[in-house]
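Letters A, B, ... are given to chains in the order of the sequence lines, protein chains preceding strands, and every chain is numbered from 1.
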Number of protein chains: 2
Amino acid sequence: MKKPCHCAQHSHQKQELASLTTRLRREDRKITGPRAAILEILRQHSHPLTTKEIFAELPKGECDLVTIYRAMQLLEKLGMVKRFDFGDGAARFELVEEGDDGHHHHLICTQCAQVVEIEECFPPEIERRIAQQNGYRAVTHRLEFFGVCPDCQRLK
Amino acid sequence: MKKPCHCAQHSHQKQELASLTTRLRREDRKITGPRAAILEILRQHSHPLTTKEIFAELPKGECDLVTIYRAMQLLEKLGMVKRFDFGDGAARFELVEEGDDGHHHHLICTQCAQVVEIEECFPPEIERRIAQQNGYRAVTHRLEFFGVCPDCQRLK
DNA sequence: TTGTAATTGCAAATGATTTGCAATTAATTA
DNA sequence: TAATTAATTGCAAATCATTTGCAATTACAA
Ligand SMILES: [Mn+2]
Ligand SMILES: [Mn+2]
Ligand SMILES: [Zn+2]
Ligand SMILES: [Zn+2]
């Protein structure tokens, strides 16, 4: 049996798993094998995953693809994951910290699909102006960047 | 037979239609009934249209839905239309002026889907910084705004 | 342990888009 | 103007991601 590790990094992760299951139970949801496994996989990745990428990482037979689709719908509704759209027809999901809305953007390589998490956001003042000029309320945006990553430039 | 009209507006449209067919022929493409009809519909709209919106506007029996899908693929490849993704599963297309790449954005009402064409773009200097910091080249972006339009605010 | 609502698997349905293929046609060419 | 041919089209069927119906299973509160 492994000794439990209490370093900052791992205690953070443990914390997270507990808080995730708590969030589910708070909504009268059950912690099931498939859900725990899905959350675990999402926790191990810093970039958004497609439904079938999650499926592929799951020990074979752990659960049906449909179950993942249903889980992602639920988790999104509960605000536990954020859905992203890279424009290739498959939705991607990323875990969201409690209390956060998960809004952020990515830079995706058009050749190998490598993903970089982006800190920058569309300037709020410009967005406010756009909303105001058109009389729209509660305006937000979807934004993703595309380009050629360093590796793919080399292979040119 | 109707007399030809030479007012600014119509001559502009004629010009455009001619230039559109020219662009096609330049690539050894044929000007067919369906294509002319599709281009004509696109010319009459200032917002992007889905394939089935185009289909619906076409005189019934004018052409098959598949033909529109194929036409949009061709027109996109030739740079005559720009494809947009509002995240609802259906691609939208807008005519692009010759020599232009059609890059721009929209503000979409999340309740009634009303669309506003947006002039603003993501600040180039910030995009340049994002590209540089990550070693990416040829970086561009996809960006759409979402909010509640004036009409839908009233109906609240 | 029991009761019950939540969850799951499996098959089938959807909806958008693509593909195969034989018949049709626009645009040359003779 | 008629013959020639590559491009185009219609129709059916195939794909792909995602959703839905339903009966069997299960988490978990009492
Ligand atoms: Mn991310
Ligand atoms: Mn537009
Ligand atoms: Zn943003
Ligand atoms: Zn832009």
Side-chain angles (χ1 to χ4, degrees), chain A residues 17-18 20-41 48-78 80-93 113, chain B residues 17-18 20-41 48-78 80-93 113:
Chain A
L17 185 55
L20 289 170
T21 56
T22 297
R23 286 213 250 172
L24 276 176
R25 273 196 260 266
R26 196 187 297 155
E27 309 277 340
D28 290 306
R29 298 313 189 150
K30 297 176 178 175
I31 311 301
T32 63
R35 287 181 183 168
I38 291 170
L39 288 172
E40 185 54 40
I41 288 175
L49 297 176
T50 63
T51 308
K52 52 180 36 168
E53 281 171 343
I54 296 174
F55 186 60
E57 297 230 11
L58 239 30
K60 55 192 170 309
E62 168 68 52
C63 87
D64 195 273
L65 222 207
V66 176
T67 299
I68 304 184
Y69 276 106
R70 284 196 267 235
M72 300 324 290
Q73 275 189 75
L74 174 68
L75 294 173
E76 184 185 21
K77 188 174 61 170
L78 300 187
M80 294 176 62
V81 301
K82 173 91 178 166
R83 178 188 298 259
F84 291 96
D85 180 358
F86 289 0
D88 63 352
R92 276 155 224 267
F93 302 89
Chain B
L17 186 54
L20 288 170
T21 57
T22 296
R23 287 213 249 172
L24 275 175
R25 273 196 260 265
R26 197 186 297 154
E27 309 277 338
D28 289 307
R29 299 311 189 151
K30 297 176 177 176
I31 312 300
T32 63
R35 287 182 183 168
I38 291 170
L39 289 172
E40 185 54 42
I41 289 176
L49 296 176
T50 64
T51 308
K52 54 180 36 169
E53 281 171 343
I54 295 172
F55 186 61
E57 298 230 11
L58 239 30
K60 55 193 168 310
E62 169 67 52
C63 87
D64 195 273
L65 222 209
V66 176
T67 299
I68 303 184
Y69 276 105
R70 284 197 266 234
M72 300 325 288
Q73 276 189 73
L74 174 67
L75 294 173
E76 183 185 21
K77 188 174 61 167
L78 300 187
M80 294 176 62
V81 301
K82 173 93 178 165
R83 178 189 299 258
F84 290 97
D85 181 359
F86 288 0
D88 64 351
R92 275 155 225 268
F93 302 89

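For A:Arg29, taking side-chain heavy atoms from C-beta onward, the closest of the listed nucleotides D:dG10, C:dA16, C:dA6 is C:dA6. Distances were taken from every side-chain heavy atom of B:Ala91 (C-beta onward) to each of D:dT8, C:dT17, C:dT7; the shortest belongs to C:dT17. With D:dT19, C:dA16, C:dT8 as the choices, the nucleotide that has an atom nearest any side-chain atom of A:Gln73 turns out to be D:dT19. Listed candidates were C:dT17, D:dT9, C:dA11. Nearest to the side chain of A:Val66 is C:dA11. Between D:dA29, C:dG9, C:dT17, one nucleotide has an atom nearer to the side chain of B:Thr51 than all others, and that is C:dT17.
One interatomic measurement links the two molecules: NZ of A:Lys52 to C1' of D:dA17, which rounds to 7 Å at whole-angstrom precision. Across the protein-nucleic acid pair, A:Phe55 atom CZ and C:dT8 atom P stand 14 Å apart, rounded to whole Å. A:Arg35 places its CZ atom 14 Å from the C1' atom of D:dT25, with the value rounded to the nearest Å. Here the P atom of nucleotide C:dA16 and the CD1 atom of B:Ile68 are 13 Å apart, to the nearest Å. The nearest whole Å value for the distance from the CG atom in B:Asp64 to the P atom in D:dC11 is 6 Å. Between the C1' atom of C:dT17 and the CG atom of B:Asp88 lies a distance of 14 Å, rounded to the nearest Å. The distance between atom NZ of A:Lys30 and atom P of D:dA27, rounded to the nearest whole Å, is 8 Å. At whole-Å resolution of the value, CG in A:Leu78 and P in C:dA6 are 13 Å apart.
The distance from the OG1 atom of B:Thr21 to the CD1 atom of B:Ile31 is 5.0 Å, given to the nearest 0.5 Å. Of the inter-residue distances, the one linking B:Glu76 atom CD with B:Lys82 atom NZ reads 8.0 Å to the nearest 0.5 angstrom.
An OP1 or OP2 oxygen of C:dT8 is reached within less than 4.0 angstrom by a side-chain nitrogen or oxygen of A:Thr32. Taking side-chain N and O atoms only, B:Tyr69 has a distance below 4.0 Å to OP1 or OP2 of C:dT17.
Annotation for A:Phe93 and A:Thr51: closest pair CE1-OG1, 3.8 Å, computed over non-hydrogen atoms. The nearest pair of heavy atoms linking B:Leu78 to B:Glu27 is CD2-CG, 3.8 Å.
Checking B:Asp28 against B:Cys63, the closest nucleotide of DNA chain D that is more toward the 5' end is the one next to B:Asp28.
Put simply, the side chain of A:Arg83 never gets that close to the backbone of A:Ala91: no donor and acceptor are under 3.5 Å apart.
Using a 4.0 Å heavy-atom criterion, one finds that A:Arg70 contacts the bases of the nucleic acid, with or without backbone contacts as well. Within the nucleic acid shown, A:Glu62 comes within 4.0 Å of sugar-phosphate atoms alone, with no base atom in reach, counting heavy atoms only.
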